[in-house]
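Written below as structure tokens is the structure these notes are about.
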Amino acid sequence: TMVIEKFVDELSTWYIRRSRRRFWKSERDEDKNAAYTTLYTCLTTLIKLLAPFLPFITEEIYQNIVRSVDPSAPESVHHNDWPTADEKLIDEELMKNMDLVIQVCSLGRSARNKAGIKLRQPLAEAVIIADEGILNRLEQFRNLIIDELNVKELRLTSNKNELIEYVVKPVPELLGRKYGRLFPKIQKAIESMDPSDIISSLRDESGLKLTVDGESIIILPEEVRVLTQPRSGYSVSEENEIIVGVNTVISEELRMEGLARDIVRRIQNQRKEAGFNIADLIETYFEAGPLLTKVFEKFGDYIAAETLSASIRKENPPKDAYLATYNLAGETLKVWIRRTGKQAQ
């Protein structure tokens, strides 16, 4: 059952979520058919596997998604043969690569959370640091990772210095006891040096050589602590020799795009509250302050496409429009929506 639970979680939170646009796009092309066929196969196979454990709910699902479209199918889910795996369809390499992509995306979201930046806010860049073998496996999924982490650019590198900087701190209890009054000057000398040069010197058996007040001093590796921290402007998360960082500097352009996504989420929820059908086309009217008005002007096409708005107008709405009021970016936003009587194809 643990294996089935993991499968259902990945099917729901990864495959279905990632395939939403494939399901809902208007063209009935091979990609859309493949998405539906894959999902249908997963669901029908899954209910057969679950039938001995969940006999009633699997029967209900079977009647809804199998018997309703294929009356010639066995009368009950329990009349079906136990599923057998078609090993020709198993792509081990693809599954391993996708597990890697999921891990990287999880690290990227963790880095965002550390910085307190919600996923709807677009960012300029994500950086992945790993060995060349892992980077080569990730390259073919570049666009997926960019979309999943909501960034404009993705940089793949094996150089940790792209994201991580080193800080060298003297150990007071060792150096202070050893050099007494010279310790503050030793500390200042170490802080003024390039950490990379210090680390290189410490790798040498002879240690780090300093001259303080005309006195030659050798600092041993155990007499300093080497700390790491993200480079300025980045938040990072690390696991299993993979480091993912996101650029936390949000330009005005990115901030406005993030607000557009916030507006979309609110209108989508408003559609549900109004009891509209998921495919209903709507007319949208709004009243907002200068910043949010600018967001509507700049990202109006995006907002319209995501909310199925046939039109978006800054004017008085018809009396039958459904109103919701929001506080966003320090401004009050009023949005009215009404059905057009048409549905998206």
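Model, not experiment: these values are computed from the prediction.
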Original post:
Which residue pairs pass the salt bridge (charged side-chain N to carboxylate O under 4.0 Å, His left out) test when at least one of the two sits in residues 105-121, sequence neighbours left out?
Top reply: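 Salt bridge (charged side-chain N to carboxylate O under 4.0 Å, His left out) check on residues 105-121 returns R109-E148, K118-D262, R120-D262.
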Give the minimum heavy-atom separation between [X] and [Y], together with the two atoms involved.
{"X": "A124", "Y": "L254", "answer": "N-CD1, 3.6 Å"}
{"X": "N159", "Y": "I129", "answer": "O-CD1, 3.6 Å"}
{"X": "L49", "Y": "F53", "answer": "O-CE1, 3.4 Å"}
{"X": "I218", "Y": "G207", "answer": "CG2-CA, 4.2 Å"}
{"X": "R225", "Y": "P172", "answer": "NH1-CD, 4.5 Å"}
{"X": "L149", "Y": "L119", "answer": "O-CD1, 4.1 Å"}

Original post:
For the ring-ring contact (aromatic ring centres under 6.0 Å, His included) test, which of W336, F296, Y326 pairs with F286?
Top reply: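 Of the listed options, the one satisfying the test is F296.
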Beyond-backbone contact of [X] with [Y], side-chain heavy atoms, under 4.5 angstrom:
{"X": "E283", "Y": "I312", "answer": "no"}
{"X": "I145", "Y": "I128", "answer": "yes"}
{"X": "K209", "Y": "S216", "answer": "no"}
{"X": "I90", "Y": "E87", "answer": "yes"}
{"X": "P317", "Y": "R338", "answer": "no"}
{"X": "E241", "Y": "D131", "answer": "no"}
{"X": "I219", "Y": "I198", "answer": "no"}

Could you check whether any side-chain N or O of [X] sits under 3.5 Å from a backbone N or O of [Y], counting only pairs where one atom can act as donor and the other as acceptor?
{"X": "R17", "Y": "T13", "answer": "yes"}
{"X": "T44", "Y": "Y40", "answer": "yes"}
{"X": "S12", "Y": "V8", "answer": "no"}
{"X": "R271", "Y": "N277", "answer": "yes"}
{"X": "R67", "Y": "A73", "answer": "yes"}
{"X": "T340", "Y": "L281", "answer": "yes"}
{"X": "T45", "Y": "C42", "answer": "no"}
{"X": "R231", "Y": "N161", "answer": "yes"}
{"X": "R339", "Y": "D280", "answer": "no"}

Under 3.5 Å, is there a donor on one side chain and an acceptor on the other for [X] and [Y]?
{"X": "Y302", "Y": "E257", "value": "no"}
{"X": "N150", "Y": "R261", "value": "yes"}
{"X": "S72", "Y": "D70", "value": "yes"}
{"X": "E125", "Y": "Y234", "value": "yes"}
{"X": "T307", "Y": "Q268", "value": "no"}

Subject >> Sole candidate of V295, V335, T284 that passes side-chain contact (heavy atoms from CB on, under 4.5 Å) when paired with I263 >> reply: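 Among V295, V335, T284, the one that satisfies the side-chain contact (heavy atoms from CB on, under 4.5 Å) with I263 is V295.
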Going from [atom1] on [X] to [atom2] on [Y], what distance comes out if it is rounded to the nearest 0.5 angstrom?
{"X": "Q121", "Y": "I250", "atom1": "CD", "atom2": "CD1", "value": "4.0 Å"}
{"X": "L54", "Y": "E60", "atom1": "CG", "atom2": "CD", "value": "13.0 Å"}
{"X": "I190", "Y": "L210", "atom1": "CD1", "atom2": "CG", "value": "6.0 Å"}
{"X": "M2", "Y": "F7", "atom1": "CE", "atom2": "CZ", "value": "16.0 Å"}
{"X": "S196", "Y": "I199", "atom1": "OG", "atom2": "CD1", "value": "5.5 Å"}
{"X": "D147", "Y": "F141", "atom1": "CG", "atom2": "CZ", "value": "14.5 Å"}

[atom1] of [X]: more than 12 outside heavy atoms within 6.0 angstrom?
{"X": "E93", "atom1": "CD", "answer": "no"}
{"X": "I57", "atom1": "CD1", "answer": "no"}
{"X": "D91", "atom1": "CG", "answer": "yes"}
{"X": "N64", "atom1": "CG", "answer": "yes"}
{"X": "E315", "atom1": "CD", "answer": "yes"}

Cluster check [X], [Y]: I/L/V/M/F/W/Y, side chain < 4.5 angstrom:
{"X": "V171", "Y": "V168", "answer": "no"}
{"X": "W14", "Y": "Y36", "answer": "no"}
{"X": "M193", "Y": "V212", "answer": "yes"}
{"X": "V246", "Y": "L138", "answer": "yes"}

Regarding [X] and [Y], does a basic nitrogen lie under 4.0 Å from an acidic carboxylate oxygen?
{"X": "E252", "Y": "R255", "result": "yes"}
{"X": "R266", "Y": "E273", "result": "no"}
{"X": "E253", "Y": "K298", "result": "yes"}
{"X": "K188", "Y": "E191", "result": "no"}
{"X": "D81", "Y": "K48", "result": "no"}
{"X": "K6", "Y": "E10", "result": "yes"}
{"X": "R21", "Y": "E306", "result": "yes"}

**OP:** Kindly indicate, with the supporting measurements, whether the criterion side-chain hydrogen bond (donor to acceptor under 3.5 Å, both in side chains) is fulfilled by S76 and E59.
**Re:** CA-CA 7 Å; S76 167; E59 181 65 27; 2.7 Å; yes
**OP:** Report the C-alpha distance between Y62 and N80 in whole Å, list the side-chain angles of each, state the deciding distance to 0.1 Å, and finish with yes or no for side-chain hydrogen bond (donor to acceptor under 3.5 Å, both in side chains).
**Re:** CA-CA 11 Å; Y62 180 81; N80 285 267; 3.2 Å; yes
Original post:
Please walk me through it: do S158 and E132 pass side-chain hydrogen bond (donor to acceptor under 3.5 Å, both in side chains)?
Top reply: CA-CA 6 Å; S158 55; E132 290 294 336; 3.3 Å; yes
**OP:** Hey, can you tell me if Y15 and F23 have their rings parallel, tilted or perpendicular (30° and 60° cut-offs)?
**Re:**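 Ring orientation of Y15 relative to F23: perpendicular.
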Would you list the atom pairs, donor with acceptor, under 3.5 Å between side chains in residues 178-186 and any protein atom, with sequence neighbours excluded?
unit_1	atom_1	unit_2	atom_2	d
K178	NZ	E223	OE2	2.9
K185	NZ	D213	OD1	3.1
K185	NZ	D213	OD2	2.8

**OP:** List the steps, then state whether side-chain hydrogen bond (donor to acceptor under 3.5 Å, both in side chains) holds for T293 with K314.
**Re:** CA-CA 8 Å; T293 296; K314 188 180 183 183; 3.1 Å; yes
